[in-house]
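To keep things clear, I will list the structure first and then write my remarks on it.
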Amino acid sequence: MMVMIAYLGPRGTYSEAAAIACSGQLKSQGYDSELRPYPSIAQTLQAVAKGESHLAIAPVENSIEGSVPMTLDTLWQLQGLEIQQAYVLPIYHGLLSQIDDLSAIKTVYSHPQALAQCQEWLEQHLPGVELIPTNSTTESIQYLEPVRPIAAIASQRAAKLYEVPILAYPINDRPDNCTRFWAMSSTGTDIHLNSPSQPKTHTSIAFSLANIPGVLVKPLEIFARQGINLSRIESRPTKRSLGEYLFFIDIEVDAREPSIQHTLQQLEEYTEVLKIFGSYTVTDI
């Protein structure tokens with residue numbers, strides 16, 4: 001069976017690197033796979049929701065800039081998506097350009113996350129440069145021309161694929177920069193990155209609450225009483241009204257365990273809408 005994997009393209013993005021790791025994991029399970037690039041994170045996830053792809057790879061959190069809002073917002077809006085695996089990928093950015101004079105650069109293109117992850121380096125080496133966001137790091141390479149004082153922030157792989165020189169590398173502000181990606185499928189799929197019997201280490205959920213004082217306390221108390229560790233908690237606006245939020249939480253348990261299922265049933269009593277995105281393991285690439 002050929003498994004289609006959607007990822008944020010074009011070729012050379014960090015999402016593609018995570019998709020390649022996913023492809024290797026599928027191969028160990030006896031599947032062949034094909035990688036399909038999409039122009040945005042939202043379209044990548046929608047490809048699975050629409051049945052165009054079996055799996056989607058999406059960035060969810062960076063160690064410097066935090067969560068990726070587009071992934072969280074789209075995941076909440078869509079129905080029937082399940083996280084199968086998390087991948088942690090080290091991120092090393094390079095400054096790519098068709099001209100060889102660093103001091104001549106006037107404009108830098110890249111994904112907003114990459115621009116933010118290199119902010120200190122840019123302020124030190126290219127003060128006053130114009131920063132222009134793109135849908136992906138690799139997309140920024142299309143703006144490069146031999147006679148224009150333009151650079152792009154992208155990966156070494158992208159530089160090699162598109163035969164663009166690297167002026168400086170690495171330029172990310174923190175040497176331990178890394179991004180966590182989720183591999184997501186449709187709920188109930190027959191395609192599994194791991195054996196269904198394999199224990200899982202993390203579960204991701206999200207819920208909405210009524211906008212009243214202290215409303216978050218009771219859901220958190222449920223986890224505290226059970227001794228469940230929360231490795232991440234983040235709020236996102238509901239987009240309905242100012243001051244209303246969704247809460248995304250990662251808990252270090254396998255939701256398939258009977259005791260955890262009971263805990264989540266208790267949690268449902270205190271939430272407006274509760275979504276359980278699945279249990280999974282985390283792999284370093």
Mutual orientation of the aromatic rings belonging to His125 and Trp121 [parallel < 30°, tilted 30-60°, perpendicular > 60°]: parallel

Within one Ile-Leu-Val-Met-Phe-Trp-Tyr cluster: Val164 and Leu95, side-chain cutoff 4.5 Å: no

Minimal non-hydrogen separation, Asn135 against Pro39, with atom names: CB-O, 3.4 Å

Donor-acceptor contact present, side-chain Thr203 to main-chain Val253, <3.5 Å: yes

Residues Phe247, Ser208; criterion side-chain contact (heavy atoms from CB on, under 4.5 Å); working and verdict: CA-CA 6 Å; Phe247 294 90; Ser208 60; over 6 Å; no

Check ion pair Asp32-Lys27 (N to O, under 4.0 angstrom): no

Criterion side chain to side chain donor-acceptor pair (under 3.5 Å) on Gln265 and Gln261, from CA distance to verdict: CA-CA 6 Å; Gln265 289 173 359; Gln261 290 182 9; 5.5 Å; no

Glu234 and Arg232 ion-paired at < 4.0 Å: yes

Minimum heavy-atom distance Ile99-Pro146, with the two atoms named: CG2-O, 3.0 Å

Polar side chain donor-acceptor pair, Ser40 to Gln43, under 3.5 angstrom: yes

CG/Asn229: more than 12 non-hydrogen atoms of other groups inside 6.0 Å: yes

Within the 6.0 Å centroid threshold, strictly below: Tyr31 and His192: no

Side chain proximity check, Ile260 to Ile228, heavy atoms < 4.5 angstrom: yes

Side chain Thr137, main chain Ser110, donor-acceptor under 3.5 Å: no

Glu16: which of Leu35, Ile5, Leu8 passes side chain to side chain contact (heavy atoms under 4.5 Å, CB included): Leu35

Co-membership, hydrophobic cluster, residues Ile132 and Val129, 4.5 Å side-chain: no

Any donor-acceptor N/O pair, Ser33 side chain to Met4 backbone, under 3.5 Å: no

Audit row: Tyr87, Thr179, side chain to side chain donor-acceptor pair (under 3.5 Å) steps and yes/no: CA-CA 8 Å; Tyr87 301 102; Thr179 295; over 6 Å; no

Between CG on residue Leu55 and SG on residue Cys22, distance to nearest 0.5 Å: 5.0 Å

Check: Asn177 side chain, Pro90 main-chain N or O, donor-acceptor pair, under 3.5 Å: no

ILVMFWY cluster, Leu96 and Leu167 together (side-chain gap under 4.5 Å): no

Carboxylate-amine/guanidinium proximity below 4.0 Å for Arg180 and Asp250: yes

Polar side-chain atom of Lys218 near backbone of Tyr270 as donor-acceptor pair, under 3.5 Å: no

Glu120 with Arg174: basic N within carboxylate O range, under 4.0 Å: yes

Ser155 side-chain N/O to Gly12 backbone N/O, donor-acceptor pair under 3.5 Å: yes

Basic-acidic side-chain contact under 4.0 Å: Glu82, Lys200: no

Value rounded to 0.5 Å, distance of CG in Leu45 from CD in Gln77: 10.0 Å

Pair Gln85-Thr281, side-chain donor/acceptor within less than 3.5 Å: yes

Straight-line distance of Leu75 CG to Ile83 CD1, nearest 0.5 Å: 6.0 Å

Shared hydrophobic cluster for Leu115 and Leu102 (ILVMFWY, side-chain gaps under 4.5 Å): yes

Passing option when Pro59 is tested against Val68, Leu89, Ile91 for side chain to side chain contact (heavy atoms under 4.5 Å, CB included): Val68

Distance, nearest 0.5 Å, that separates CD of Gln84 from OG1 of Thr187: 10.0 Å

Heavy-atom neighbours of Asp100 CG exceed 12 at 6.0 Å: no

ring-ring contact (aromatic ring centres under 6.0 Å, His included) evaluation trace for Tyr14 with His93: CA-CA 10 Å; Tyr14 299 101; His93 295 301; 5.2 Å; yes

Heavy-atom check, side chain of Thr201 versus side chain of Asp254, under 4.5 Å: no

Donor-acceptor pair, side chain of Ser279 and main chain of Ala255, under 3.5 angstrom: yes

Whether Thr238 side chain and Arg240 backbone form a donor-acceptor pair below 3.5 Å: yes

Criterion side-chain contact (heavy atoms from CB on, under 4.5 Å) on Tyr92 and Gln156, from CA distance to verdict: CA-CA 8 Å; Tyr92 300 102; Gln156 271 189 320; over 6 Å; no

Atom pair CD1 (Ile171) and CD (Gln124), whose distance is rounded to the nearest 0.5 Å: 11.5 Å

Test item: His202 and Val282 side chains (from C-beta on) under 4.5 Å apart, heavy atoms: yes

Within-4.5 Å side-chain heavy-atom neighbours: Phe277 and Ile205: no

side-chain contact (heavy atoms from CB on, under 4.5 Å) between Phe248 and Ile233, intermediate numbers included: CA-CA 6 Å; Phe248 289 82; Ile233 179 169; over 6 Å; no

Side-chain touch Val108/Leu126, heavy atoms, less than 4.5 angstrom: yes

Between Gln46 and Thr74: side-chain donor-acceptor atoms closer than 3.5 Å: no

Under 3.5 Å donor-acceptor, Ser136 side chain and Gly9 backbone: yes

For Met2 against His54, the heavy-atom pair lying closest together: O-CE1, 3.3 Å

Side-chain donor-acceptor contact under 3.5 Å, Ser195 with Ser197: yes

Trace of the side chain to side chain donor-acceptor pair (under 3.5 Å) decision for Gln117 with Asn172: CA-CA 6 Å; Gln117 291 163 27; Asn172 34 283; over 6 Å; no

Same apolar cluster (I L V M F W Y, side chains within < 4.5 Å links), Met184/Tyr38: no

Check against side-chain contact (heavy atoms from CB on, under 4.5 Å), Leu220 and Ile249: CA-CA 10 Å; Leu220 296 184; Ile249 294 180; 4.3 Å; yes

Flag for Gln29-Asn194: side-chain donor and acceptor within less than 3.5 Å: no

Spatial distance of atom CG (Leu246) from atom CG (Leu209) [nearest 0.5 Å]: 9.0 Å

Check: Tyr143 ring centroid to Tyr109 ring centroid under 6.0 Å: yes

For the student: nearest non-hydrogen atoms of Ser67 and Leu72, plus distance: CB-CD1, 3.9 Å

Tyr162 side-chain N/O to Arg11 backbone N/O, donor-acceptor pair under 3.5 Å: yes

